[in-house]
Amino acid sequence: MQKYLIKDLEKCEGQLVTLSGWASNKRESKGLVFIVLRDGTGWCQCVVSAETVNESVFEAARSVSLESSLTLTGKVVKDERQMGGFEIQVTDLATIGEAVDYPIAKKEHGVDFLMDKRHLWLRSQRQWAIMKIRNQIIFSIHEFFQQEGFVQMDAPLFTGNACEGTSNLFETDFYGDPAYLSQSGQLYGEAMAFAMGKIYTFGPTFRAEKSKTRRHLSEFWMIEPEMMFYDIFDNMDLIENFLRFVVSKVLANCEKELALIGRETEVLKNIVKPFPRLTYDEAVRIIKGEQDVNGKNSILTLESDLALVQTRIAEVEKEIAEREEKIKTPGMKKGEIGFNQAQIDKLKHELGDLEEQARNIPQWLNSARNFTYGSDLGGSDETVITRLFDVPIMVYNWPHEVKAFYLKRDPDNNKFARGVDVLAPEGYGEIVGGGERETDVQLLTDKINEHQLPMEAFEWYLDLRRYGTVPHAGFGLGLERLVTWLCKLPHVRESIPFPRMYGRLLP
RNA sequence: UCCUUCUUAGCUCAGCUGGUUAGAGCACAUGACUGUUAAUCAUGGGGUCCCUGGUUCGAGCCCAGGAGAGGGAGCCA
């Protein structure tokens, strides 16, 4: 018999089909077994009735354990109550591989446990949806650059030179010499762009930062376009068009997946609006609360956020106390106790998060109030400023001391470098860093010395300026940060199949 | 590197001021139930209370050191 996929069932109403997959859930009563089958393309409830199948098939259905693989045949019937709108009335069923004691249960788990079981966690609906969205984003990135005439290039992963200092590099042994895992393909991208005009790299990057925060990975995927004859403003135009393109494709093609993870799409639909472009000076004034945005003040907004958190803490504490009291009342049904217990667990988790926020926000307020002009924006500063906007913002013209050596000095004011950071809304912070590149050999040489980088490693890079230099610009986008924001995930670790981060090398 | 919260059954968590034999729900096993959506109900097997040392008549609880995890700062995409 011809094999079918769950995503195609709507075309098969009334037909007899054979499906293969895994049992993601099972419920049973006397003469009925409900198996929720997943096959990678979707989920579908399959009903096995003792009246319509023979005894051995019914016994096989009854003994199916969670995540056992199986093949079944049945009739496709419309049923509005089901996810996908259809169910299968099974006529035949056989187990392929039995799963004994599948560790991920049908309830909430802690992060550490789930990360240890990442290879199995990927099978769950939420993780599946995130990976589908990640796939769409990757595809759309290639689609955009290819249709804009960019040439994709692969930069080396072993490098002898550190482009932004050595402190965050993973050192490896390269035939007896030290080599570093790439932190950025940008310098090589520039060289390639002098040959091709417009290029983009798409590859892994490694940063040995001992960071344990919701936005850091030790291994992540970066997209780095580099364009000849572009200045910083052309660069910002491109970034804006690019992000708009990717977001619109995700909205158009991942409606189901976004709904599955509960991502409301209002903010994503805003992305058609122009992205505000702020200079560093303006951004600092906004962070310090000296300048309002659409009537919103950063400090006041943060203070009211803190007040909201504290109100919510009081509410949650009250509800927990009430439910705990309720459980104690005699004669309560076991099911009702269980329900209340589950609610209490959930509320306690929320309380933990809220208390964490209540600890963090005062620190952020402090950091925003006392922001010293001339320093880089910290993670909390980014959160503070992006909360005031409903679209990504671009901050450009940074004090040259805090930015990389290769950024071009602003010709109108040499205190500034022509770098640009794109900060995502909803508190997600930096997703893109880029800028116009320095073209002057002498200025570059000075900067390399200033950063105490080994000159001999950069001779080839200086050659790009010696032989026909032109204005050019580019940027780097962190794929996982984009996925995390578009899916509104609480942490980057869910945005990549197998995250590598401080303290996490398995599985 | 620093600050902060945490570690009790396979999982998620209770465990009061240090005091008898450490509990619940889920999962698992057996049984009941013909439409369930984390199904429900009954029964019952399951413990190195993270590790090491200390205080005490007595430690899951107190103290010291260590390990691991969550969140944040710095740094970054």
Side-chain angles (χ1 to χ4, degrees), chain A residues 24-36 43 45 47-52 65-66 79 81-83 87 89 100-117 164-165 167-168 183-184 186 205 207-218 220-224 324 327 333-342 344-346 348-349 352-353 355-357 359-361 363-364 366-367 375-383 402 404 421-424 428-434 475-482 484-485 490-493 502-504:
Chain A
S24 71
N25 201 357
K26 188 185 79 171
R27 294 173 285 269
E28 56 179 305
S29 40
K30 175 100 174 164
L32 282 173
V33 179
F34 302 94
I35 293 168
V36 177
W43 280 258
Q45 174 163 285
V47 186
V48 189
S49 167
E51 283 177 6
T52 52
S65 54
L66 281 193
D79 187 343
R81 291 169 296 181
Q82 303 309 325
M83 175 185 179
E87 70 173 19
Q89 287 177 351
V100 181
D101 293 336
Y102 186 69
I104 299 181
K106 299 182 285 183
K107 60 165 297 185
E108 286 188 58
H109 291 283
V111 189
D112 194 30
F113 175 78
L114 289 172
M115 287 305 306
D116 283 342
K117 302 280 181 284
E164 296 171 39
S167 59
N168 294 332
Q183 232 183 1
S184 164
Q186 187 207 308
T205 344
R207 306 254 169 113
E209 292 159 350
K210 287 187 176 174
S211 296
K212 295 180 82 166
T213 80
R214 59 183 70 227
R215 19 172 228 292
H216 286 89
L217 290 170
S218 303
F220 62 95
W221 288 71
M222 193 149 68
I223 295 88
E224 294 179 287
E324 278 178 340
I327 284 180
K333 269 191 173 172
K334 215 175 159 190
E336 204 171 343
I337 292 174
F339 174 78
N340 276 293
Q341 193 58 56
I344 289 170
D345 282 1
K346 226 186 242 173
K348 284 195 175 171
H349 273 122
D353 289 348
E355 281 170 344
E356 200 134 326
Q357 283 184 48
R359 279 193 297 273
N360 288 335
I361 292 177
Q363 288 178 26
W364 297 354
N366 203 36
S367 146
S375 52
D376 207 348
L377 300 191
S380 69
D381 304 316
E382 291 176 3
T383 307
V402 301
D421 281 2
V422 178
L423 309 180
Y428 279 90
E430 187 173 358
I431 52 170
V432 169
F475 64 89
L477 167 88
L479 175 67
E480 285 74 20
R481 285 198 179 168
L482 181 63
T484 303
W485 166 48
H491 197 295
V492 272
R493 67 184 151 225
Y502 184 56
R504 173 66 59 184

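Residue numbers start from 1 in every chain, and the chains themselves are labelled A, B, ... in the order their sequence lines are given, proteins ahead of strands.
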Measure from the side-chain heavy atoms of [X] and tell me the nearest of [options].
X        : options             : answer
A:Thr213 : B:A77, B:G74, B:U36 : B:G74
A:Glu87  : B:A39, B:U36, B:A77 : B:U36
A:Arg214 : B:G35, B:G71, B:A39 : B:G71
A:Leu32  : B:A69, B:A39, B:G35 : B:G35
A:Gln89  : B:G35, B:G72, B:G71 : B:G35
A:Gln45  : B:A77, B:C75, B:U37 : B:U37
A:Trp364 : B:A38, B:G71, B:G72 : B:G72

What integer number of Å spans the [atom1] atoms of [N] and [M]?
N     : M     : atom1 : answer
B:G23 : B:G47 : C1'   : 11 Å
B:A9  : B:G44 : C1'   : 14 Å
B:A59 : B:G19 : C1'   : 10 Å
B:A73 : B:G58 : P     : 46 Å
B:A38 : B:C75 : C1'   : 42 Å
B:C6  : B:C50 : C1'   : 12 Å
B:G60 : B:U17 : C1'   : 15 Å
B:C2  : B:C13 : P     : 28 Å

Watson-Crick/G-U partner (both atom distances under 3.5 Å) of [N]:
N     : result
B:G35 : none
B:A29 : B:U43
B:A64 : B:U52
B:A73 : B:U1

Counting C-beta onward and ignoring hydrogens, is there a side-chain heavy-atom pair between [X] and [Y] closer than 4.5 Å?
X        : Y        : value
A:Thr484 : A:Arg215 : no
A:Gln45  : A:Asp79  : no
A:Gln89  : A:Ser49  : no

Please report the interatomic distance NZ(A:Lys26) to CZ(A:Phe34), rounded to the nearest 0.5 Å.
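The NZ atom of A:Lys26 sits 12.5 Å away from the CZ atom of A:Phe34.
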Is the phosphate of [N] approached by [X] (side-chain N or O, under 4.0 Å from OP1 or OP2)?
X        : N     : result
A:Asn25  : B:A39 : yes
A:Lys212 : B:G70 : yes
A:Arg215 : B:G74 : no
A:Arg27  : B:A39 : yes

Nearest-Å distance, [atom1] ([X]) to [atom2] ([N])?
X        : N     : atom1 : atom2 : result
A:Phe475 : B:C76 : CZ    : C1'   : 18 Å
A:Lys26  : B:A29 : NZ    : C1'   : 12 Å
A:Leu66  : B:C11 : CG    : P     : 17 Å
A:Ile223 : B:A77 : CD1   : C1'   : 10 Å

Stepwise side-chain contact (heavy atoms from CB on, under 4.5 Å) check, A:His216 with A:Arg481
CA-CA 9 Å; A:His216 286 89; A:Arg481 285 198 179 168; 4.0 Å; yes
Side-chain-base donor-acceptor pair under 3.5 Å for A:His216 and B:C76
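Indeed, a donor on one side and an acceptor on the other fall under 3.5 Å apart.
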Please confirm whether any donor atom in the side chain of A:Glu28 sits under 3.5 Å from an acceptor in the base of B:U36, or the reverse.
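Such a pair does not exist between side chain and base.
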Between A:Met222 and A:Ser380, name the one whose nearest nucleotide on RNA chain B is closer to the 5' end.
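The residue whose closest nucleotide sits nearer the 5' end is A:Ser380.
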Please compare A:Asp112 and A:Ser218 by the position of their nearest nucleotide in RNA chain B and report the one closer to 5'.
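Result: A:Asp112.
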Answer yes or no for this row: A:Phe220 ring on B:A77 base, centroids under 5.5 Å, planes under 30°.
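Per 5.5 Å and 30° rule: yes, stacked.
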Go through A:Asn168 and A:Gln183 one step at a time and tell me if the side-chain contact (heavy atoms from CB on, under 4.5 Å) criterion holds.
CA-CA 8 Å; A:Asn168 294 332; A:Gln183 232 183 1; 3.6 Å; yes
Considering residues, nucleotides and ligands other than A:Tyr502, do more than 12 of their heavy atoms fall under 6.0 Å from its OH?
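At most 12 heavy atoms, drawn from other residues, nucleotides or ligands, come within 6.0 Å of this atom.
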